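Because the structure is a prediction, the values reported are computed rather than measured. Count residues from 1 along the sequence.
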Amino acid sequence: MVRAEEIIRRKRDGQALSGEYISAFVAGVADGDVTDAQIAAFTMATWFQGMDEEETVRLTLAMRDSGTVLDWPDIDGPVLDKHSTGGVGDLVSLVLGPVVAACGGYVPMISGRGLGHTGGTLDKLESIPGFRTELGIDRFRGLVRELGVAIVGQSSELAPADRRIYAVRDVTATVSSPPLMTSSILSKKLAEGLDALVLDIKHGSGAFSPDLESASRLARQMTSVASNAGVSCNALLTDMNEPLAASAGNALEIAETVAFLRGEARQPRLYEVITGLSAELLWLGGLADSRASALRRVEECLDGGQAAERFAAMVAAQGGPADLLDKPEAHLAGAAVVRPVEAADDGCIASVDTQAVGDIVVALGGGRRRVDDRIDPSVGLSGLKSIGEPVVHGEPLAWVHAVSEEAWQAAASALHRAFQITNGTPAGNPVVHSIVEGIRA
C-alpha cells in the first residue's frame, strides 16, 4: 500500500508520479483515507513542481474513475459537450446544448455555479421558477435520451475525488495550477461518457487567462490531455475583453437566451461564439463532413426554431414552466429599480473593464464571493454597449437592475469607471481568435 506521505514527498521533491501512485492517492481522497491536510500538501507541491502531460492524463483518468462514468449503449448519435473557462455575459451553454441536440447530438451537460466575477450556468437556470439542476443519474440519463439535452450540477456520484480536491484548492490558492485545473475540468467532462468535447478558452480583462499567450498554452494542454484520455477535443480561443452578451445577471441572461432562440435579438459576438462552438462539436462528432456544412446546419436549427423547441422541452422536463419561451416576462423575476446609466460624453466606446462589470453584478447581489452566498436572480445589467459603438451624451451605456436606489447609485458610479469613451472610432476585438486542434480520438 502506497502511503500518502510518500506520494506528497515525491511530488514536493519534483519527481514524476507513476500511475500507481496517482491512482492510490485519488482512491484515498475518494474513500476518505487521505485527509484535507494531505490534499492541501499535494496540491501545493503540484502548484510549485507541476506535472508532465503523462501525469496529468493519469490524474484526470483517476479522478474520472473515482465515481460513476456514464455510458450510452442505446442512443443513435454522438455524445457531445463543451466547457468554458468563464466570463461575463456568457450564456453560450444555454443555447448551445439545445442547438446541438436539435442537430442530432446528445448533450449530457454537467455545469457549475458562478464564483467571483464570472457567472454560472446553474445559477442562470435556477432563476427560472421550478427549474431543477439536481437530478439523479437515472433521470439525467433518461432526459438526455429523450430530449437530446439536459443541464445539471455535479452529483456526488460523478468524479467525487474532484469535489474534495477542488474544495481544498479553493482555500489554498492552488486553483490556478494548470495540471490541477485541467484534471478537474476534464475529469467531470470525461465522466459524462463523451465522444467529443469542445473548449471555449477565453482571454482578456474578464477572463482567468489575461492574455492570448496564456490562453493558448492552456488550450494546447487541455486538448492534448483530453485527446490522450480518449476523447476528441478542440478548443476555440475567444475574446473576453468585453461582455459577450448584452446582459449580465441571471434572469436577464435567461431573457436574452429566449430572445436569441426566438430570433428577436442576437448580439453578433454572442452569435459568432455560439455558432462556432456548436459547429465545431457537430464536425468533431461526425454529424457534418466539414466545418462549413456544420455551420449551415447550426444556423438552420436556430432559424427554423428547432433549437428553441429543444430549450422549451428541456425547461419543462426539468421542472420549469412550459410556456417560458412564449411568456418569459410572466416567470422571470424583475428588480425593484430599473434605470439607465447615461454616457457623460459624446464619442465611441473605447474599452470595457469586463471584470469590473462582473463585479458590479456581484455587488448588486447577482453573484457570489463565497460558495454559500445567496443570489438575487432579478438584478444585473442589460443593454450593455459594445466596444466601437457610438454614444452621445445622455444615451444609456447600460440599464442597471437593482434592489434599491442606493444599490443603483453604487452600480452606476462603478459602471462609469468601467467604460472608457474616446473621440476616435476604435475597432472591436475579434471574438474568435483561432482554433487549437487536439488529436482526433
Side-chain angles (χ1 to χ4, degrees), residues 19 22 50-65 69-70 72 77-86 92-93 96-97 100 103 105-110 159 162 177-203 207-209 211-239 272-295 298 431-441:
I22 289 173
M51 284 185 171
D52 62 30
E53 183 167 299
E54 187 174 350
E55 286 178 284
T56 307
V57 171
R58 288 169 176 166
L59 180 59
T60 300
L61 293 175
M63 287 166 60
R64 178 199 67 182
D65 295 338
V69 179
L70 300 178
W72 307 93
V79 183
L80 310 170
D81 199 4
K82 56 81 68 169
H83 175 79
S84 168
T85 53
V92 171
S93 292
L96 177 145
V100 173
C103 292
Y106 290 82
V107 188
M109 190 175 289
I110 298 172
D162 173 65
S177 164
L180 296 178
M181 184 187 306
T182 297
S183 60
S184 176
I185 291 167
L186 292 181
S187 64
K188 294 189 287 287
K189 291 299 179 182
L190 298 183
E192 297 173 356
L194 300 180
D195 295 307
L197 172 68
V198 168
L199 304 171
D200 181 5
I201 309 294
K202 298 185 180 298
H203 62 279
F208 288 113
S209 296
D211 53 62
L212 184 59
E213 182 181 355
S214 59
S216 299
R217 190 163 53 246
L218 179 61
R220 289 193 299 270
Q221 180 178 47
M222 291 187 69
T223 54
S224 181
V225 170
S227 299
N228 282 300
V231 174
S232 297
C233 180
N234 289 353
L236 271 64
L237 297 173
T238 67
D239 178 75
E272 187 175 348
V273 172
I274 287 172
T275 56
L277 289 167
S278 299
E280 195 70 12
L281 267 181
L282 298 190
W283 180 68
L284 266 184
L287 292 171
D289 57 11
S290 68
R291 287 187 172 102
S293 62
L295 182 59
V298 167
V431 65
V432 177
H433 179 271
S434 59
I435 298 174
V436 175
E437 296 189 5
I439 301 169
R440 295 288 285 265

- Message: Is it the case that over 12 heavy atoms from other parts of the model lie below 6.0 angstrom from the CD atom of E54?
- Response: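 No, not enclosed.
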Heavy-atom closest contact ([X] atom, [Y] atom, distance):
X: A294; Y: W283; result: CB-N, 4.2 Å
X: G97; Y: V107; result: O-CG2, 3.9 Å
X: A288; Y: S293; result: CB-OG, 3.6 Å
X: A196; Y: L284; result: CB-CB, 3.9 Å
X: T56; Y: V225; result: CG2-CG2, 3.9 Å
X: D162; Y: S184; result: OD1-OG, 2.6 Å

Between [X] and [Y], is any pair of side-chain heavy atoms under 4.5 Å apart?
X: L96; Y: L281; value: yes
X: L199; Y: T85; value: no
X: L295; Y: T275; value: yes
X: S214; Y: H203; value: no
X: E55; Y: P179; value: no
X: K202; Y: S84; value: yes
X: L186; Y: L197; value: yes

- Message: Any salt bridge linking E192 with K189? Criterion: basic side-chain nitrogen under 4.0 Å from a carboxylate oxygen.
- Response: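 Looking at E192 and K189, the cut-off is met.
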Inter-residue atom distance [X].[atom1] - [Y].[atom2], 0.5 Å rounding:
X: R220; Y: E53; atom1: CZ; atom2: CD; result: 12.0 Å
X: I110; Y: D81; atom1: CD1; atom2: CG; result: 8.0 Å
X: D65; Y: T60; atom1: CG; atom2: OG1; result: 10.5 Å
X: R58; Y: S183; atom1: CZ; atom2: OG; result: 14.0 Å
X: I185; Y: M222; atom1: CD1; atom2: CE; result: 4.0 Å
X: T223; Y: L218; atom1: OG1; atom2: CG; result: 9.0 Å

- Check: G438 main-chain N/O paired with N234 side-chain donor or acceptor under 3.5 Å: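 Checking the backbone N and O of G438 against the side chain of N234, a donor-acceptor pair under 3.5 Å is found.
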- Task: Please check if the side chain of D195 supplies one atom and the backbone of V79 the other of a donor-acceptor pair under 3.5 Å.
- Result: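 Answer holds: yes.
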- Query: Under the criterion side chain to side chain contact (heavy atoms under 4.5 Å, CB included), which of D239, I201, L237 is the partner of L212?
  - Reply: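 Answer to the side chain to side chain contact (heavy atoms under 4.5 Å, CB included) test with L212 among D239, I201, L237: L237.
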- Item | Steps toward side-chain contact (heavy atoms from CB on, under 4.5 Å) verdict (V198, L80) | CA-CA 8 Å; V198 168; L80 310 170; over 6 Å; no
- Message: Using the rule given for side-chain contact (heavy atoms from CB on, under 4.5 Å), can you reason through R291 versus E280, listing the C-alpha separation, both sets of side-chain angles and the distance that settles it, and then say yes or no?
- Response: CA-CA 7 Å; R291 287 187 172 102; E280 195 70 12; 2.8 Å; yes
